[in-house]
There are 2 protein chains.
Amino acid sequence: MTQQLGTPRRRDALSNRAAILRAAAAAFSERGRAVDVREIARCAGVGMGTLYRHFPSKDALIETLLAESYARWVEQARRSTRDRTSAWEALESFITDALTFQRRDRAVLENLAAATTDAAGLSVCRRLLRPLVEELVAAAHAERALRPGVRADDVLAVLAALGRLVELDAPADAVHRCLRIVLSGLRNGDGLEP
Amino acid sequence: MTQQLGTPRRRDALSNRAAILRAAAAAFSERGRAVDVREIARCAGVGMGTLYRHFPSKDALIETLLAESYARWVEQARRSTRDRTSAWEALESFITDALTFQRRDRAVLENLAAATTDAAGLSVCRRLLRPLVEELVAAAHAERALRPGVRADDVLAVLAALGRLVELDAPADAVHRCLRIVLSGLRNGDGLEP
DNA sequence: GACAAAGGGGAGCAGCTGTTCCGGTGTGGG
DNA sequence: CCCACACCGGAACAGCTGCTCCCCTTTGTC
């Protein structure tokens with residue numbers, strides 16, 4: 001993906017590929033998939049032909065960046081989650097951070113939503129995230145901190161739902177208020193209707 | 001909106017207008033704003049010129065239908081909300097019904113989300129809904145059934161967030177699970193962190 | 001029943017999108 | 001230093017969109 005061993009590429013080809021990835025990362029993370037490929041080529045200082053020789057399609061380019069973004073997110077989440085005093089606190093901080101991550105990268109935001117329901121191949125990315133969520137949910141249940149019956153899919157769905165508010169550019173405090181509501185709904189309160 | 005007193009329209013004009021509204025309502029409520037105007041004209045058995053003489057733009061056509069949809073929704077919600085034993089039950093049933101309404105009408109779903117944050121003119125429609133939500137929230141607060149600090153805007157934001165799951169065609173039971181989580185988060189549980 | 005004028009139809013325009021094609025250019029091995 | 005070939009740029013294509021234009025038809029009045 002980063003280099004080809006059998007056929008060493010030319011220097012300009014490699015630097016162009018890097019420029020494309022840099023420009024695409026900036027554009028997609030700021031405005032999502034809707035960005036015009038022409039703009040990416042222009043920002044990278046490159047022609048359309050160059051872009052399309054390095055990546056067979058716009059989707060392939062997005063997917064490459066998406067894989068990196070998810071990997072970065074999951075790694076960071078694993079790190080900041082490890083040293084929490086309780087499993088509940090870990091889950092809480094994961095969900096909170098997920099929102100700031102979605103705000104920072106609109107492509108991830110859109111993909112996370114799509115992957116929540118679509119069984120399509122996009123889930124290649126989600127498969128990096130899901131195991132982590134399953135761990136966090138299981139640990140929180142072991143602690144009896146989570147409302148009985150809550151599953152990993154519910155947490156992912158909640159992430160997609162709250163992501164909608166981020167996508168709509170809702171003010172940060174409005175998103176935070178909804179986050180509090182959802183978090184308190186996830187917390188085990190015991191004495192509620194079935 | 002339905003008739004012009006000063007200038008009595010021709011019979012064919014009126015029936016065409018009705019056919020356009022009928023076809024547009026069916027298409028937009030099923031698939032949202034993304035529907036091609038050509039398809040609406042075709043389904044109405046009408047040409048493009050006809051469509052655009054009756055409505056200055058696609059947006060105007062959507063807005064006309066949206067106003068009707070919101071009015072119908074609010075009226076129905078007011079009716080089914082009136083005879084509830086508690087204010088909490090009323091709010092709960094309103095939010096639940098809101099989801100089935102958004103599932104039935106994708107144009108409303110999309111507009112509700114947009115209106116939640118945009119201060120744009122689209123809010124003409126939301127202005128029908130907001131007073132009702134404010135009433136329900138105030139009544140629930142008077143009953144001490146709502147988590148302290150929850151405002152009408154929070155409920156509207158929650159509606160938009162859950163609507164996202166409907167938009168993604170999430171299975172009905174997945175949406176219902178998130179609904180339960182959110183509802184229990186809205187309910188006053190007293191002993192939670194600030 | 002005739003004749004303005006309101007109304008209708010749909011091809012065509014302008015603008016956007018992702019993608020392809022091909023003549024020219026720069027690289028780097030010999 | 002030279003030349004083949006990987007590589008580059010961007011004009012052009014195909015397909016979609018909302019919308020307009022203009023010639024023809026229908027309506028209802030006198």
Side-chain angles (χ1 to χ4, degrees), chain A residues 2-24 27-28 30-66 106-107 110-111 114 120-122, chain B residues 2-24 27-28 30-66 106-107 110-111 114 120-122:
Chain A
T2 51
Q3 260 206 347
Q4 195 86 5
L5 291 177
T7 315
R9 305 287 170 83
R10 260 166 53 171
R11 224 186 358 260
D12 53 349
L14 278 135
S15 86
N16 273 335
R17 190 192 153 91
I20 291 168
L21 281 172
R22 204 177 329 119
F28 286 136
E30 194 189 347
R31 307 208 305 280
R33 331 175 47 98
V35 176
D36 190 340
V37 276
R38 265 165 272 261
E39 183 184 327
I40 292 168
R42 188 159 27 83
C43 286
V46 140
M48 294 299 300
T50 307
L51 196 156
Y52 273 90
R53 189 161 336 87
H54 284 286
F55 301 92
S57 70
K58 180 183 182 181
D59 280 345
L61 173 57
I62 293 178
E63 217 159 317
T64 301
L65 291 164
L66 235 29
R106 247 187 153 68
E110 292 170 4
N111 179 264
L122 303 176
Chain B
T2 51
Q3 261 207 346
Q4 195 87 4
L5 293 176
T7 313
R9 305 287 169 81
R10 262 165 54 169
R11 220 182 9 256
D12 54 349
L14 278 132
S15 87
N16 273 334
R17 188 191 155 92
I20 291 168
L21 281 173
R22 205 178 326 120
F28 286 136
E30 194 189 348
R31 309 208 304 281
R33 336 176 42 99
V35 177
D36 190 340
V37 277
R38 265 165 273 262
E39 182 184 327
I40 292 168
R42 189 160 25 84
C43 286
V46 141
M48 294 297 298
T50 307
L51 196 157
Y52 273 89
R53 190 165 326 94
H54 285 284
F55 301 93
S57 71
K58 183 184 181 181
D59 279 346
L61 173 56
I62 292 178
E63 216 159 316
T64 301
L65 291 164
L66 233 31
R106 250 189 150 68
E110 292 171 4
N111 178 264
L122 303 176

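Any value given below was found using the heavy atoms of this structure, including those in side chains, with hydrogens, waters and symmetry copies removed. The sequence lines fix the lettering, A, B, ..., with proteins before strands; numbering per chain opens at 1.
- Side-chain nitrogen and oxygen atoms of H54(B) include none within less than 4.0 Å of the OP1 or OP2 phosphate oxygen of dG7(C).
- Considering only side-chain N and O atoms, R53(B) lies nowhere under 4.0 angstrom from the phosphate OP1 or OP2 of dA6(C).
- Spacing between atom CZ of R17(B) and atom C1' of dA6(C) amounts to 16 Å, rounded to whole angstrom units.
- The nearest heavy atom of DNA chain C to D59(A) and to G47(B) marks one nucleotide each, and the one closer to the 5' end goes with G47(B).
- Annotation: side chain of L61(B) is not in contact with side chain of H54(B) (no heavy-atom distance under 4.5 Å).
- Distance check: R53(A) CZ to M48(A) CE gives 12.0 Å after rounding to the nearest 0.5 Å.
- With DNA chain D read from its 5' end, the first of the two nearest nucleotides for G49(A) and R11(B) is the one closest to G49(A).
- Atom C1' of nucleotide dT17(D) and atom CE of M48(B) are separated by 10 Å, given to the nearest angstrom.
- At whole-Å resolution of the value, CG in L51(B) and P in dG9(C) are 11 Å apart.
- Nearest approach of C43(A) to A23(A), heavy atoms of both residues: CB-CB, 3.9 Å.
- Side-chain nitrogen and oxygen atoms of Y52(A) include none within less than 4.0 Å of the OP1 or OP2 phosphate oxygen of dT20(C).
- Following rounding to the nearest Å, R31(B) (CZ) and dC16(D) (P) show an atom-to-atom distance of 14 Å.
- Following rounding to the nearest Å, I40(B) (CD1) and dT17(D) (P) show an atom-to-atom distance of 11 Å.
- The distance from atom CG of D12(B) to atom P of dT27(D) is 5 Å, rounded to the nearest whole Å.
- Side-chain contact check for I40(A) versus F28(A): some heavy-atom pair is nearer than 4.5 Å.
- Residues R106(A) and E30(A) form no side-chain contact, since every pair of their non-hydrogen atoms from C-beta on lies 4.5 Å or further apart.
- Following rounding to the nearest Å, I20(A) (CD1) and dT19(C) (P) show an atom-to-atom distance of 14 Å.
- If you take CZ of F55(B) and P of dC19(D), they are 13 Å apart, rounded to a whole angstrom.
- R10(A) has no side-chain polar atom (N or O) that falls below the 4.0 Å cut-off from OP1 or OP2 of dG26(C).
- The side chain of N16(B) places an N or O atom within less than 4.0 Å of a non-bridging phosphate oxygen (OP1 or OP2) of dG8(C).
- Between T50(A) and the phosphate of dG9(D), there is a side-chain N or O to OP1/OP2 separation shorter than 4.0 Å.
- Neither OP1 nor OP2 of dG18(D) sits under 4.0 Å from any side-chain N or O of R38(B).
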